[in-house]
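Order of the sequence lines sets the chain letters (A, B, ...), proteins ahead of strands, with each chain counted from 1.
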Amino acid sequence: MTSSSDPTAALLDAVTVTARRLAGDDGVSPALDPSPRPEMGDYSTNAAMMLAKPLGRPPREIAAELATSIEEELGDALEKTEIAGPGFINLFLGDAWYREAAAAMASTGAAAVPPVPESERIIVEFVSANPTGPLTAASGRHAAYGDSLSRILRAAGNAITTEYYVNDGGTQVENFAASIAARMTGDEPPEDGYKGTYVNELAERAKAEGHEPADLERLARTGVAWMVEGIRGSLENFGVEMDDFFSERSLYEDNLVDRGIERMREAGHVFDDDGAVWLRTTDFGDDKDRVLIRSSGEVTYFGADVAYHVDKIERGHDRLIDVLGADHHGYVPRMAAAMEALEGGKAEFEAQIMQLIHLVEGGQRTKMSKRAGDIVTLDELTEDIGADAARWFLLQRSHNQTIDLDLDLARSQSSENPVYYVQYAHARIQSILRKAAEEGGEADGDILAAPADPSEKALVSKLLEFPGQVHEAAEKRAPHRICAYASETAAAFHAFYRDCQVVGAEGEGVEAARIQLCGVTAETIRQSLALLGISAPDRM
RNA sequence: GCCCCCGUAGCUCAGCUGGAUAGAGCGCCGGCCUUCUAAGCCGGAUGUCGCAGGUUCGAAUCCUGCCGGGGGUGCCA
């Protein structure tokens with residue numbers, strides 16, 4: 001993880017080494033964080049407080065001892081140390097340290113992220129909305145989250161596949177076909193059918209292409225194909241990279257369901273009762289056993305889904321991440337149990353539960369029911385406020401949190417959307433770099449010797465956080481942290497912009513150093529936005 | 001009944017594998033464009049971190065109980 005070329009890692013190494021030496025314990029891992037306030041130095045560590053208990057000595061006393069060792073370890077890079085509060089050691093760094101740090105980022109690639117020590121092959125399944133209607137704004141939240149999470153996990157060094165499970169079998173597809181048929185003949189859809197206006201459009205198209213209302217089988221297949229086509233388009237417009245669409249029906253055609261159930265039967269976890277075939281998920285922590293094949297002979301959704309997950313494992317994935325809606329959380333224990341029953345922990349199953357999103361319009365929450373047709377679609381949302389803004393709104397909060405998205409606000413104040421704040425910083429930098437290129441030729445001098453303004457140091461410090469932020473977002477499955485980081489980075493740049501002239505700056509090496517810093521900042525912002533699936537415009 | 005999410009500023013929410021004076025955006029009040037993009041910057045006001053105990057040198061953060069809001073709990077998908 002750490003490398004000597006990473007400036008903050010070098011600081012942390014020095015702190016860790018001295019702390020371990022004093023404690024005689026290789027397990028001690030002190031933290032090094034940017035100081036909360038300038039008077040508290042540049043970085044601070046809690047090392048002394050962590051050692052207080054094992055050593056049985058007052059933290060400030062330990063801190064004094066550690067500080068001396070740290071100063072010896074770091075030499076000239078360090079201006080001074082101070083002991084503060086309950087026992088924090090604050091490190092004060094010189095301008096040269098920041099110039100070297102910026103230069104290191106410029107040479108290794110600003111946004112270089114060291115890979116996780118144990119890289120995994122991960123398949124992320126998300127959206128997987130029924131192909132009986134267009135994607136809703138709620139699906140959009142799943143799409144934004146799953147896509148961004150995948151990008152972040154990939155950036156952290158994992159091998160990622162993204163997949164959409166198409167539920168093209170089952171009763172809801174029959175209802176769907178019946179609804180189209182009804183509209184073709186001018187009737188109302190059945191009670192539990194689909195009533196959205198898009199069904200009328202499908203009915204028109206079916207008629208135009210010579211479908212018979214009586215041929216429900218064919219209507220179902222074609223209708224689903226049309227919807228999947230539309231869903232692919234919606235995701236594409238939304239900037240989602242979906243590697244595969246996996247058909248539920250193909251499970252039957254490839255005989256994967258029978259095979260999966262057979263394997264579970266061999267493992268001794270399947271039993272027959274009341275004419276149905278059950279999986280004894282209670283052996284693995286579920287609160288009741290689950291039906292795989294109904295007494296009618298039909299395979300349940302669960303039965304098919306288990307077979308699908310088995311297939312994911314057989315394709316060689318170490319970890320299966322399912323992004324599921326809050327209404328599916330009760331489903332998690334049984335799938336986890338099934339995976340345990342079958343594979344005995346060969347692969348990790350992990351569910352990420354999305355909480356609800358409420359769209360607020362005219363001060364009222366809109367109900368979203370696909371069957372009633374009372375929906376705001378993802379396409380409408382994308383068209384309303386743009387894919388970039390939509391993705392930002394959907395990603396900026398934890399996926400684990402119910403959110404209100406005020407559509408009126410998103411529309412009317414789109415120019416004040418936080419995403420523009422970040423994009424604007426990027427565009428501003430590009431403008432500076434264009435001007436620097438036009439007036440080029442004078443940007444030389446010793447960059448490392450150039451003095452650094454406080455807002456330059458703050459910006460460098462923020463940029464240095466990028467790899468750690470990516471790893472933290474990956475570990476916590478939390479894209480919203482990247483939103484926060486991108487905003488902070490933009491703010492640090494805007495402050496720098498206020499304080500520091502770049503092109504034509506006075507002083508030995510200062511202009512060159514600042515141009516370099518601008519380049520590193522632009523790259524970091526661009527990469528951050530890329531992790532969110534948001535564009536980084538050069539002009540606004 | 002059982003399970004999951006949530007309760008932090010007027011609003012929407014970060015922070016929650018414990019650390020210094022609890023943050024951001026929006027909204028509100030007041031300033032800043034002859035200078036690389038004012039979609040920006042600076043200053044100001046606003047908090048019983050739901051309540052009560054416990055653990056700790058230290059709790060918004062961890063533990064227990066309670067209150068309040070939302071969701072789930074099918075031989076549906």
Side-chain angles (χ1 to χ4, degrees), chain A residues 31 33 35-37 40 44 46 49-50 52-53 58-60 84-88 90 128-130 132 167 169-173 175 192 248 273-278 287-305 325-333 353-356 358 360 393 396-406 409 413-425 427-436 438-439 475-476 478 480-481 483-484 487-488 490-491 493-495 497-505 514-515 518 539-540:
Chain A
D33 296 306
S35 298
R37 270 174 289 282
M40 295 177 179
S44 64
N46 63 351
M49 276 125 71
M50 292 190 75
K53 181 160 272 182
R60 288 188 66 108
F88 289 103
N90 293 330
S128 299
N130 285 340
T132 53
N167 299 130
T171 52
Q172 87 282 356
V173 171
N175 287 338
D192 52 355
E248 178 187 356
D273 191 33
D274 277 346
V277 179
W278 300 68
D287 53 8
K288 56 182 287 193
D289 295 324
R290 306 291 173 173
V291 173
L292 295 167
I293 304 177
R294 286 189 274 266
S295 48
S296 66
E298 285 174 296
V299 177
T300 61
Y301 176 87
F302 176 58
D305 204 21
D327 56 344
H328 283 67
H329 96 265
Y331 187 73
V332 174
I353 302 299
M354 305 289 299
Q355 291 303 320
L356 300 182
H358 297 114
V360 177
F393 264 78
Q396 67 178 336
R397 307 304 183 199
S398 165
H399 70 287
N400 213 20
Q401 168 91 14
T402 308
I403 55 171
D404 285 330
L405 198 170
D406 190 329
L409 187 77
Q413 304 197 351
S414 61
S415 65
E416 289 166 24
N417 188 301
V419 70
Y420 291 105
Y421 180 81
V422 177
Q423 291 181 318
Y424 182 64
R428 254 185 166 178
I429 296 169
Q430 295 307 327
S431 173
I432 293 172
L433 293 177
R434 281 192 296 272
K435 181 167 179 180
E438 282 165 22
E439 304 186 6
E475 280 163 25
K476 295 187 171 171
H480 74 278
R481 287 178 165 266
C483 288
S487 293
E488 290 163 14
F493 173 76
H494 287 310
Y497 178 88
R498 172 196 69 222
D499 294 337
C500 301
Q501 183 74 22
V502 176
V503 177
R514 288 179 179 172
I515 289 171
C518 283
R539 289 185 169 80
M540 287 176 73

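Between B:G7 and B:A38, the two C1' atoms lie 38 Å apart (nearest whole Å). Look at the P atom in both B:U48 and B:A52: the space between them is 12 Å, to the nearest Å. Between B:G19 and B:C26, the two C1' atoms lie 30 Å apart (nearest whole Å). For B:A60 and B:C6, the C1' atoms lie 14 Å apart once the distance is rounded to whole Å. Atom P of B:G1 sits at a distance of 33 Å from the matching atom of B:C16, rounded to the whole Å. On the P atoms, B:U17 is 24 Å away from B:U12, given to the nearest whole Å. Distance check on atom C1': B:G54 versus B:A45 gives 37 Å, rounded to whole Å. Here the separation of B:A14 from B:C49, taken at their C1' atoms, is 13 Å to the nearest Å.
Which of B:C36, B:G72, B:A20 sits closest to the side chain of A:V503 comes down to B:C36. Checking B:G72, B:A77, B:G19 against every side-chain atom of A:N46, the shortest atom distance belongs to B:G19. Distances from the side chain of A:A276 to the nucleotides B:A77, B:U21, B:C75 place B:C75 closest. Between B:G19, B:A77, B:G40, one nucleotide has an atom nearer to the side chain of A:Y421 than all others, and that is B:G40. Distances were taken from every side-chain heavy atom of A:P418 (C-beta onward) to each of B:U35, B:C75, B:G25; the shortest belongs to B:G25. Comparing B:A77, B:C36, B:A20 against the side chain of A:N130 picks out B:A77 as the nearest. For A:A84, the listed nucleotide lying nearest its side chain is B:A20; candidates were B:U35, B:A77, B:A20. For A:R498, taking side-chain heavy atoms from C-beta onward, the closest of the listed nucleotides B:U56, B:C42, B:A77 is B:C42.
Going from atom CG of A:D192 over to atom CD of A:Q172 covers 11.5 Å, rounded to the nearest 0.5 Å. Taken to the nearest 0.5 Å, the CG atom of A:N167 stands 4.5 Å off from the CG atom of A:N130. Note: A:R481 CZ to A:E475 CD = 10.0 Å, rounded to the nearest 0.5 Å.
Taking only distance into account, the side chain of A:S35 never meets the base of B:A20 through a donor-acceptor pair shorter than 3.5 Å. Counting atom types as modelled, A:H329 pairs a side-chain N or O with a base atom of B:C3 as donor and acceptor under 3.5 Å. A donor N or O paired with an acceptor N or O is found under 3.5 Å between the base of B:C75 and the side-chain atoms of A:S295. For B:A77, the base has no donor-acceptor partner in the side chain of A:N175 [N/O atoms by modelled type, under 3.5 angstrom].
The ring pair (Phe, Tyr, Trp, His ring centres under 6.0 Å) check on A:F493 picks up A:F496, with sequence neighbours excluded. Take A:M40 and apply the side-chain contact (heavy atoms from CB on, under 4.5 Å) test, not counting sequence neighbours, and it matches A:S35, A:P36, A:R37, A:N90. Scored by the side chain to side chain donor-acceptor pair (under 3.5 Å) test, A:R290 finds A:D286, A:D287 as partners (sequence neighbours excluded). In terms of the salt bridge (charged side-chain N to carboxylate O under 4.0 Å, His left out) criterion, A:D327 has no residue partners (sequence neighbours excluded). For A:D289, the side chain to side chain donor-acceptor pair (under 3.5 Å) criterion is met by A:T282, not counting sequence neighbours. Every side chain to side chain donor-acceptor pair (under 3.5 Å) that A:H494 has, sequence neighbours left out, goes to A:R428. Every residue was checked against the ring pair (Phe, Tyr, Trp, His ring centres under 6.0 Å) condition with A:Y497, not counting sequence neighbours, and none meets it. By the side-chain contact (heavy atoms from CB on, under 4.5 Å) test, A:H329 is found to be paired with A:I353, residues two or more places apart in sequence or in another chain being considered. Annotation: side chain to side chain donor-acceptor pair (under 3.5 Å) contacts of A:Y421 (sequence neighbours excluded): none.
Nearer the 5' end of RNA chain B, as judged by each residue's closest nucleotide, is the contact made by A:L433, out of A:L433 and A:D289. The nearest heavy atom of RNA chain B to A:G504 and to A:P36 marks one nucleotide each, and the one closer to the 5' end goes with A:P36.
Using a 4.0 Å heavy-atom criterion, one finds that A:Q355 contacts the sugar-phosphate atoms exclusively. Using a 4.0 Å heavy-atom cutoff across all strands shown, A:C500 reaches at least one base atom of the nucleic acid. Using a 4.0 Å heavy-atom distance criterion, A:S296 is classed as making no nucleic acid contact. Residue contacts shown for A:Y331 include a base, since a base heavy atom lies under 4.0 Å away. A:D274 comes within 4.0 angstrom of a base, heavy atoms only.
The nearest whole Å value for the distance from the CG atom in A:D287 to the P atom in B:C2 is 13 Å. Rounded to whole Å, the distance from CG on A:L292 to C1' on B:A77 is 15 Å. Following rounding to the nearest Å, A:E248 (CD) and B:C76 (P) show an atom-to-atom distance of 14 Å. The distance between atom CG of A:D33 and atom P of B:G19, rounded to the nearest whole Å, is 9 Å.
Under 4.0 angstrom from either OP1 or OP2 of B:C75 there lies at least one side-chain N or O belonging to A:K288. In terms of phosphate contacts, A:Y497 brings a side-chain nitrogen or oxygen within less than 4.0 Å of OP1 or OP2 of B:A38. Proximity of A:Y420 to the phosphate of B:A39: no side-chain N or O atom is located under 4.0 Å from OP1 or OP2. Dashed line: the shortest gap from a side-chain N or O of A:R290 to OP1 or OP2 of B:G74 is not under 4.0 Å. Using a 4.0 Å cut-off, some side-chain N or O of A:R428 falls inside it from OP1 or OP2 of B:A38.
Looking only at distances, no side-chain donor or acceptor of A:Q501 sits under 3.5 Å from a matching main-chain atom of A:R498. For A:T300 (side chain) and A:L292 (main-chain N/O), a donor-acceptor pair under 3.5 Å exists by modelled atom type.
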Just the atom pairs and distances: protein N or O near nucleotides 61-63 of chain B's N or O, under 3.5 Å.
none

Check the interface with nucleotides 14-16 of chain B: list each N/O to N/O pair with the protein under 3.5 Å, or write none.
from	atom 1	to	atom 2	distance (Å)
B:A14	OP1	A:S398	N	3.2
B:A14	OP2	A:Q401	OE1	3.3
B:A14	O3'	A:H480	NE2	3.4
B:G15	OP1	A:H480	NE2	2.9
B:C16	OP2	A:R481	NH2	2.6

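Taking 90° from 0 as the syn/anti boundary, the base of B:C51 is oriented anti.
Contact between A:S295 and A:A276 at its shortest, heavy atoms only, is N-CB, 3.9 Å.
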Quiz item: Please, what dot-bracket string fits RNA chain B when only Watson-Crick and G-U pairs with both distances under 3.5 Å count, crossing ones use [ ] and pairs to another strand use |?
Solution: (((((((..((((.....[...)))).(((((.......))))).....(((((..]....))))))))))))....
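B:A20 has A:F88 stacked on its base ring, the centres lying under 5.5 angstrom apart and the planes within 30 degrees of parallel.
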